[in-house]
Amino acid sequence: MANQPLPLSQETLAQFNRSMATEPGVSGPPRRRLGSISTRRSSKDQSKDQPHHRPLFLRGMTVISSESSFLSPNVSHSHISMGKRFSFAGWHQGGRVSFSGLYLQQPIQEVYVENTYRMGPEPGCHFSPSRTQQILQATLDSYLDGVCYSPDSCSQLCQMLADLVLSKLKDVNPPRYKLVCQVVVGQSGKQGIRVASRSLMNPNTDNYTSAVFQNHSLFAVALVHDQ
Amino acid sequence: MDDDQSAEETAFVVDEVSSIVKESLEAVIGRNTYEHKRVNQWTSGVVEQCLGQLSKLGKPFKYIVTCIIMQKNGAGLQSASSCFWDNTTDGSCTVRWENKHLYCIVSVFGLAI
(Lines give C-alpha, C1' and ligand atoms only; values in the text may rest on other atoms or scores of the structure.)
Protein backbone atom coordinates (compact mmCIF):
# COMPACT_ATOMS: atom_id res chain seq x y z
CA MET A 1 0.00 0.00 0.00
CA ALA A 2 2.79 2.50 0.75
CA ASN A 3 5.55 3.14 -1.69
CA GLN A 4 6.91 6.21 -0.01
CA PRO A 5 10.37 7.30 1.15
CA LEU A 6 11.08 5.71 4.49
CA PRO A 7 11.24 8.68 6.96
CA LEU A 8 7.74 10.00 6.13
CA SER A 9 5.90 6.71 6.07
CA GLN A 10 7.43 5.79 9.36
CA GLU A 11 6.09 8.90 11.02
CA THR A 12 2.63 8.44 9.63
CA LEU A 13 2.66 4.80 10.46
CA ALA A 14 3.66 5.60 14.00
CA GLN A 15 0.71 7.93 14.34
CA PHE A 16 -1.48 5.32 12.78
CA ASN A 17 -0.27 2.69 15.21
CA ARG A 18 -0.89 4.95 18.16
CA SER A 19 -4.50 5.48 17.09
CA MET A 20 -4.88 1.80 16.37
CA ALA A 21 -3.64 1.00 19.85
CA THR A 22 -6.54 2.94 21.42
CA GLU A 23 -9.05 0.85 19.48
CA PRO A 24 -8.15 -2.75 20.02
CA GLY A 25 -9.41 -5.49 17.81
CA VAL A 26 -9.96 -3.31 14.82
CA SER A 27 -8.15 -4.02 11.61
CA GLY A 28 -8.61 -3.40 7.96
CA PRO A 29 -9.04 -0.25 5.95
CA PRO A 30 -9.90 2.93 7.82
CA ARG A 31 -13.21 3.31 6.09
CA ARG A 32 -14.59 0.14 7.53
CA ARG A 33 -13.54 1.23 10.97
CA LEU A 34 -15.74 4.27 10.70
CA GLY A 35 -18.78 2.07 10.80
CA SER A 36 -17.96 0.30 14.05
CA ILE A 37 -16.87 2.95 16.50
CA SER A 38 -18.59 3.28 19.84
CA THR A 39 -19.29 6.57 21.47
CA ARG A 40 -18.02 5.41 24.82
CA ARG A 41 -14.63 4.90 23.43
CA SER A 42 -14.90 8.08 21.55
CA SER A 43 -15.58 10.06 24.73
CA LYS A 44 -12.49 8.60 26.23
CA ASP A 45 -10.55 9.42 23.13
CA GLN A 46 -11.83 12.92 23.11
CA SER A 47 -11.09 13.54 26.75
CA LYS A 48 -7.72 11.88 26.77
CA ASP A 49 -6.30 12.11 23.34
CA GLN A 50 -7.75 15.27 22.00
CA PRO A 51 -5.06 17.53 23.33
CA HIS A 52 -2.52 15.06 22.01
CA HIS A 53 -4.00 13.87 18.78
CA ARG A 54 -5.12 17.08 17.27
CA PRO A 55 -1.82 18.87 17.47
CA LEU A 56 -0.12 15.70 16.28
CA PHE A 57 -2.51 15.39 13.38
CA LEU A 58 -2.03 18.94 12.45
CA ARG A 59 1.65 18.50 12.57
CA GLY A 60 1.27 15.32 10.63
CA MET A 61 -0.91 17.03 8.11
CA THR A 62 1.44 19.90 7.53
CA VAL A 63 4.30 17.55 7.04
CA ILE A 64 2.31 15.24 4.81
CA SER A 65 0.82 17.91 2.66
CA SER A 66 4.20 19.10 1.66
CA GLU A 67 5.09 15.63 0.49
CA SER A 68 1.63 14.51 -0.75
CA SER A 69 2.02 10.82 -0.07
CA PHE A 70 -0.43 8.07 -0.90
CA LEU A 71 -1.21 6.87 2.60
CA SER A 72 -1.61 10.17 4.38
CA PRO A 73 -4.92 11.28 2.87
CA ASN A 74 -6.52 8.10 4.10
CA VAL A 75 -5.21 8.54 7.58
CA SER A 76 -6.07 12.18 7.90
CA HIS A 77 -9.52 11.67 6.46
CA SER A 78 -10.26 8.82 8.76
CA HIS A 79 -9.29 10.69 11.89
CA ILE A 80 -11.07 13.84 10.95
CA SER A 81 -14.25 12.11 10.04
CA MET A 82 -14.07 10.07 13.22
CA GLY A 83 -14.08 13.31 15.13
CA LYS A 84 -17.06 14.48 13.13
CA ARG A 85 -18.90 11.26 13.72
CA PHE A 86 -18.53 11.54 17.45
CA SER A 87 -19.88 15.05 17.58
CA PHE A 88 -23.40 14.07 16.56
CA ALA A 89 -23.54 10.59 17.99
CA GLY A 90 -26.31 11.41 20.43
CA TRP A 91 -24.29 10.86 23.55
CA HIS A 92 -26.00 11.77 26.83
CA GLN A 93 -24.22 13.14 29.83
CA GLY A 94 -23.26 10.31 32.14
CA GLY A 95 -24.96 7.71 29.98
CA ARG A 96 -23.52 4.85 28.06
CA VAL A 97 -25.01 4.87 24.62
CA SER A 98 -23.40 2.73 22.00
CA PHE A 99 -24.51 2.07 18.49
CA SER A 100 -22.95 0.93 15.31
CA GLY A 101 -23.56 2.31 11.91
CA LEU A 102 -24.81 5.64 10.72
CA TYR A 103 -27.16 7.73 12.81
CA LEU A 104 -30.58 7.32 11.22
CA GLN A 105 -33.81 8.99 12.20
CA GLN A 106 -36.58 6.83 13.56
CA PRO A 107 -38.98 5.98 10.75
CA ILE A 108 -42.33 7.73 11.15
CA GLN A 109 -44.82 5.13 12.24
CA GLU A 110 -47.88 5.10 10.03
CA VAL A 111 -51.13 5.07 11.93
CA TYR A 112 -53.44 2.39 10.61
CA VAL A 113 -57.12 3.10 11.09
CA GLU A 114 -59.69 0.34 10.78
CA ASN A 115 -62.20 0.43 7.96
CA THR A 116 -65.58 1.90 8.80
CA TYR A 117 -68.10 0.31 6.49
CA ARG A 118 -71.24 2.38 6.07
CA MET A 119 -74.14 0.18 4.99
CA GLY A 120 -76.75 2.90 4.65
CA PRO A 121 -77.33 6.63 4.87
CA GLU A 122 -77.16 8.37 8.22
CA PRO A 123 -80.51 8.86 9.98
CA GLY A 124 -82.08 12.09 8.88
CA CYS A 125 -79.98 12.14 5.74
CA HIS A 126 -82.46 10.49 3.41
CA PHE A 127 -83.68 11.64 0.04
CA SER A 128 -86.70 13.91 0.45
CA PRO A 129 -89.24 13.40 -2.37
CA SER A 130 -91.43 16.38 -1.45
CA ARG A 131 -88.58 18.89 -1.51
CA THR A 132 -87.29 17.45 -4.80
CA GLN A 133 -90.75 17.64 -6.33
CA GLN A 134 -91.03 21.33 -5.43
CA ILE A 135 -87.67 22.07 -7.04
CA LEU A 136 -88.60 20.07 -10.13
CA GLN A 137 -91.97 21.77 -10.60
CA ALA A 138 -90.51 25.23 -10.04
CA THR A 139 -87.78 24.61 -12.64
CA LEU A 140 -90.20 23.35 -15.27
CA ASP A 141 -92.62 26.23 -14.71
CA SER A 142 -89.95 28.89 -14.88
CA TYR A 143 -88.22 27.57 -18.00
CA LEU A 144 -91.15 26.36 -20.11
CA ASP A 145 -93.67 29.09 -19.49
CA GLY A 146 -94.67 30.53 -22.89
CA VAL A 147 -92.26 28.37 -24.90
CA CYS A 148 -93.46 27.01 -28.26
CA TYR A 149 -92.50 23.58 -29.47
CA SER A 150 -90.11 23.53 -32.40
CA PRO A 151 -88.26 20.38 -33.55
CA ASP A 152 -84.91 22.18 -33.94
CA SER A 153 -84.66 23.90 -30.60
CA CYS A 154 -86.57 21.51 -28.37
CA SER A 155 -83.96 18.76 -28.44
CA GLN A 156 -81.42 21.17 -26.98
CA LEU A 157 -84.02 22.54 -24.58
CA CYS A 158 -84.75 19.05 -23.36
CA GLN A 159 -81.07 18.28 -22.73
CA MET A 160 -80.53 21.64 -21.09
CA LEU A 161 -83.47 21.07 -18.76
CA ALA A 162 -82.15 17.66 -17.74
CA ASP A 163 -78.71 19.11 -16.91
CA LEU A 164 -80.25 22.06 -15.09
CA VAL A 165 -82.46 19.89 -12.91
CA LEU A 166 -79.49 17.68 -12.12
CA SER A 167 -77.31 20.61 -11.07
CA LYS A 168 -80.08 22.00 -8.83
CA LEU A 169 -80.67 18.65 -7.19
CA LYS A 170 -76.98 17.98 -6.60
CA ASP A 171 -76.98 20.76 -4.00
CA VAL A 172 -79.83 19.29 -1.99
CA ASN A 173 -78.74 15.70 -2.56
CA PRO A 174 -77.56 13.80 0.55
CA PRO A 175 -74.01 12.45 0.30
CA ARG A 176 -73.29 9.21 -1.58
CA TYR A 177 -76.67 9.26 -3.32
CA LYS A 178 -76.79 8.74 -7.10
CA LEU A 179 -79.26 10.67 -9.23
CA VAL A 180 -80.95 9.73 -12.48
CA CYS A 181 -82.98 12.48 -14.12
CA GLN A 182 -85.07 12.06 -17.25
CA VAL A 183 -86.98 14.83 -19.07
CA VAL A 184 -89.51 14.19 -21.84
CA VAL A 185 -90.68 17.12 -23.93
CA GLY A 186 -93.35 16.62 -26.57
CA GLN A 187 -95.55 18.57 -28.87
CA SER A 188 -99.13 19.06 -27.74
CA GLY A 189 -101.04 17.42 -30.55
CA LYS A 190 -104.10 15.30 -30.47
CA GLN A 191 -102.20 12.17 -29.60
CA GLY A 192 -102.29 10.01 -26.58
CA ILE A 193 -99.12 9.39 -24.61
CA ARG A 194 -98.23 7.43 -21.54
CA VAL A 195 -95.01 7.66 -19.54
CA ALA A 196 -94.35 4.91 -17.02
CA SER A 197 -91.37 3.89 -14.93
CA ARG A 198 -90.47 1.19 -12.50
CA SER A 199 -87.31 0.53 -10.59
CA LEU A 200 -85.60 -2.24 -8.69
CA MET A 201 -84.28 -0.55 -5.57
CA ASN A 202 -84.07 -0.53 -1.81
CA PRO A 203 -87.38 0.92 -0.61
CA ASN A 204 -85.89 2.06 2.71
CA THR A 205 -83.36 4.43 1.21
CA ASP A 206 -84.35 5.02 -2.43
CA ASN A 207 -87.20 6.95 -3.98
CA TYR A 208 -88.35 8.91 -7.01
CA THR A 209 -90.28 12.07 -7.90
CA SER A 210 -91.95 13.36 -11.01
CA ALA A 211 -93.36 16.64 -12.26
CA VAL A 212 -95.54 17.52 -15.24
CA PHE A 213 -95.89 20.80 -17.11
CA GLN A 214 -98.23 21.60 -19.96
CA ASN A 215 -98.99 24.65 -22.06
CA HIS A 216 -100.74 25.24 -25.36
CA SER A 217 -97.99 23.87 -27.56
CA LEU A 218 -95.91 21.49 -25.52
CA PHE A 219 -95.85 19.26 -22.52
CA ALA A 220 -92.97 18.16 -20.33
CA VAL A 221 -92.50 15.33 -17.89
CA ALA A 222 -89.52 15.20 -15.52
CA LEU A 223 -88.59 12.06 -13.59
CA VAL A 224 -85.95 11.91 -10.90
CA HIS A 225 -84.77 8.68 -9.26
CA ASP A 226 -82.52 8.86 -6.26
CA GLN A 227 -80.52 5.81 -5.16
CA MET B 1 -58.30 -13.91 -16.41
CA ASP B 2 -60.36 -14.13 -13.26
CA ASP B 3 -60.35 -10.39 -13.03
CA ASP B 4 -61.64 -10.04 -16.59
CA GLN B 5 -64.41 -12.52 -15.96
CA SER B 6 -65.49 -10.86 -12.76
CA ALA B 7 -65.36 -7.43 -14.42
CA GLU B 8 -67.64 -8.66 -17.20
CA GLU B 9 -70.06 -10.18 -14.77
CA THR B 10 -70.37 -6.96 -12.80
CA ALA B 11 -70.44 -4.53 -15.74
CA PHE B 12 -73.47 -3.00 -17.39
CA VAL B 13 -73.58 -4.68 -20.82
CA VAL B 14 -75.63 -2.51 -23.19
CA ASP B 15 -76.20 -5.16 -25.87
CA GLU B 16 -77.56 -7.66 -23.42
CA VAL B 17 -79.96 -5.14 -21.93
CA SER B 18 -81.20 -3.82 -25.29
CA SER B 19 -81.97 -7.34 -26.50
CA ILE B 20 -83.99 -7.97 -23.32
CA VAL B 21 -85.94 -4.75 -23.90
CA LYS B 22 -86.70 -5.53 -27.56
CA GLU B 23 -87.97 -8.99 -26.65
CA SER B 24 -90.31 -7.53 -24.01
CA LEU B 25 -91.68 -4.94 -26.44
CA GLU B 26 -92.33 -7.55 -29.11
CA ALA B 27 -94.01 -9.81 -26.61
CA VAL B 28 -96.26 -7.24 -24.91
CA ILE B 29 -97.16 -4.76 -27.66
CA GLY B 30 -96.31 -6.55 -30.88
CA ARG B 31 -98.38 -5.16 -33.72
CA ASN B 32 -101.23 -3.67 -31.69
CA THR B 33 -102.69 -0.30 -32.50
CA TYR B 34 -102.70 2.47 -29.90
CA GLU B 35 -105.61 1.98 -27.54
CA HIS B 36 -106.03 4.40 -24.71
CA LYS B 37 -107.56 1.79 -22.43
CA ARG B 38 -104.80 -0.74 -22.92
CA VAL B 39 -101.81 1.56 -22.82
CA ASN B 40 -101.66 1.42 -19.02
CA GLN B 41 -101.49 -2.33 -19.18
CA TRP B 42 -98.83 -2.28 -21.89
CA THR B 43 -96.49 0.07 -20.11
CA SER B 44 -96.76 -1.91 -16.87
CA GLY B 45 -96.25 -5.14 -18.78
CA VAL B 46 -93.20 -3.93 -20.67
CA VAL B 47 -91.60 -2.48 -17.58
CA GLU B 48 -92.29 -5.49 -15.39
CA GLN B 49 -91.03 -7.95 -17.95
CA CYS B 50 -87.86 -5.93 -18.49
CA LEU B 51 -87.20 -5.75 -14.76
CA GLY B 52 -87.82 -9.44 -14.32
CA GLN B 53 -85.38 -10.38 -17.05
CA LEU B 54 -82.78 -7.91 -15.78
CA SER B 55 -82.95 -9.22 -12.23
CA LYS B 56 -82.51 -12.75 -13.59
CA LEU B 57 -79.11 -11.68 -14.93
CA GLY B 58 -78.00 -11.78 -11.31
CA LYS B 59 -75.72 -8.75 -11.51
CA PRO B 60 -75.19 -6.43 -8.52
CA PHE B 61 -77.21 -3.57 -10.00
CA LYS B 62 -80.21 -1.44 -9.13
CA TYR B 63 -82.32 -0.85 -12.23
CA ILE B 64 -84.61 1.98 -13.33
CA VAL B 65 -86.77 1.26 -16.37
CA THR B 66 -88.90 3.98 -17.99
CA CYS B 67 -91.27 3.38 -20.86
CA ILE B 68 -92.92 6.01 -23.06
CA ILE B 69 -95.61 4.95 -25.50
CA MET B 70 -96.90 7.59 -27.93
CA GLN B 71 -99.49 7.38 -30.62
CA LYS B 72 -98.35 8.16 -34.17
CA ASN B 73 -100.18 11.36 -34.96
CA GLY B 74 -97.50 13.56 -36.44
CA ALA B 75 -96.46 15.17 -33.16
CA GLY B 76 -92.84 15.44 -32.13
CA LEU B 77 -91.26 14.00 -29.01
CA GLN B 78 -87.89 14.60 -27.34
CA SER B 79 -86.43 12.72 -24.42
CA ALA B 80 -83.23 13.52 -22.54
CA SER B 81 -81.61 12.22 -19.40
CA SER B 82 -78.75 13.29 -17.18
CA CYS B 83 -77.25 11.21 -14.43
CA PHE B 84 -75.13 11.85 -11.38
CA TRP B 85 -73.39 8.52 -10.84
CA ASP B 86 -70.16 6.61 -11.04
CA ASN B 87 -69.08 6.56 -14.68
CA THR B 88 -66.91 3.52 -14.29
CA THR B 89 -69.56 1.17 -12.91
CA ASP B 90 -72.96 2.53 -13.98
CA GLY B 91 -74.55 2.61 -17.41
CA SER B 92 -77.72 3.23 -19.35
CA CYS B 93 -79.40 1.92 -22.46
CA THR B 94 -82.20 3.54 -24.51
CA VAL B 95 -84.20 1.59 -27.09
CA ARG B 96 -86.41 3.29 -29.68
CA TRP B 97 -89.04 0.94 -31.05
CA GLU B 98 -92.02 1.50 -33.23
CA ASN B 99 -94.72 -0.29 -35.08
CA LYS B 100 -97.28 1.02 -37.56
CA HIS B 101 -99.37 2.82 -34.99
CA LEU B 102 -97.23 3.87 -32.09
CA TYR B 103 -93.74 4.85 -30.92
CA CYS B 104 -92.11 3.40 -27.86
CA ILE B 105 -88.99 4.62 -26.03
CA VAL B 106 -87.64 2.44 -23.23
CA SER B 107 -84.72 3.61 -21.09
CA VAL B 108 -82.88 1.33 -18.70
CA PHE B 109 -80.48 2.78 -16.12
CA GLY B 110 -78.23 0.42 -14.17
CA LEU B 111 -76.62 1.67 -10.96
CA ALA B 112 -73.97 -0.52 -9.39
CA ILE B 113 -74.41 -1.39 -5.76
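It should be emphasised that the depicted structure is a prediction, and the values quoted were computed from it without experimental measurement. Every chain is numbered from 1 and lettered A, B, ... according to where its sequence line falls, protein lines coming before strand lines.
- Using a 4.5 Å cut-off between heavy atoms, B:Asn40 contacts chain A through both its backbone and its side chain.
- For B:Lys72 against B:Asn99, the heavy-atom pair with the smallest separation is NZ-O, 2.8 Å.
- A:Tyr208 does not touch chain B: none of its heavy atoms, backbone or side chain, sits under 4.5 Å away.
- Counting only distance, with no hydrogens or angles, the side chain of A:Asn173 and the backbone of A:Leu169 share no donor-acceptor pair below 3.5 Å.
- Using a 4.5 Å cut-off between heavy atoms, B:Val47 touches chain A through its side chain atoms alone.
- When each of B:Leu54, B:Ile105, B:Val39, B:Val46 is checked for heavy-atom pairs under 4.5 Å with chain A, B:Val39 comes out on top.
- Here A:Lys178 is the residue among A:Gln159, A:Lys178, A:Met160 with the most heavy-atom pairs under 4.5 Å with chain B.
- For B:Ser92, no part sits under 4.5 Å from any heavy atom of chain A, backbone or side chain.
- Put simply, OG1 on B:Thr43 and CZ on A:Arg198 are 8.0 Å apart, with the number rounded to the nearest 0.5 Å.
- In terms of non-hydrogen atom pairs under 4.5 Å with chain B, the most contact-rich of A:Ala222, A:Cys181, A:Cys154 is A:Cys181.
- A donor-acceptor distance shorter than 3.5 angstrom exists from the side chain of A:Gln187 to the backbone of B:Gly76, with no hydrogens or angles considered.
- For the set A:Ala220, A:Ser155, A:Ala196, the entry with the most heavy-atom pairs within less than 4.5 Å of chain B is A:Ala196.
- Between the A:Asp206 side chain and the A:Pro203 main chain, no donor and acceptor come within less than 3.5 Å of each other.
- For A:Leu223, the part lying near chain B is the side chain, with the backbone staying farther off; criterion is any non-hydrogen pair under 4.5 Å.
- Heavy-atom pairs under 4.5 Å with chain B peak, among A:Ser188, A:Cys158, A:Gly192, A:Pro151, at A:Gly192.
- Note that CG of A:Asn215 and CG of A:Leu140 are 11.5 Å apart. Values are rounded to the nearest 0.5 Å.
- For the set A:Val221, A:Val165, A:Asp163, the entry with the most heavy-atom pairs within less than 4.5 Å of chain B is A:Asp163.
- With chain A as the partner, the residue from B:Leu77, B:Asn73, B:Ile64 showing the most heavy-atom pairs under 4.5 Å is B:Ile64.
- Here the OG-OH distance, from B:Ser79 to B:Tyr103, works out to 15.0 Å after rounding to the nearest 0.5 Å.
- Note on B:Ser82, B:Ser107, B:Cys83: by heavy-atom pairs under 4.5 Å with chain A, the leading option is B:Ser82.
- Relative orientation of the B:Phe61 and B:Phe12 rings is perpendicular, given thresholds of 30° and 60° on the angle between their planes.
- In the displayed structure, B:His36 atom NE2 is contacted under 6.0 Å by at most 12 heavy atoms of other residues, nucleotides or ligands.
- Proximity to chain A (any heavy atom under 4.5 Å) is shown, for B:Tyr63, by both the backbone and the side chain.
- Considering every non-hydrogen atom in both B:Cys50 and B:Val65, the closest pair reads CB-CG1, 4.2 Å.
- Taking B:Asp86, B:Asp90, B:Val106 one by one and counting their heavy-atom pairs under 4.5 Å with chain A, the maximum is reached by B:Asp90.
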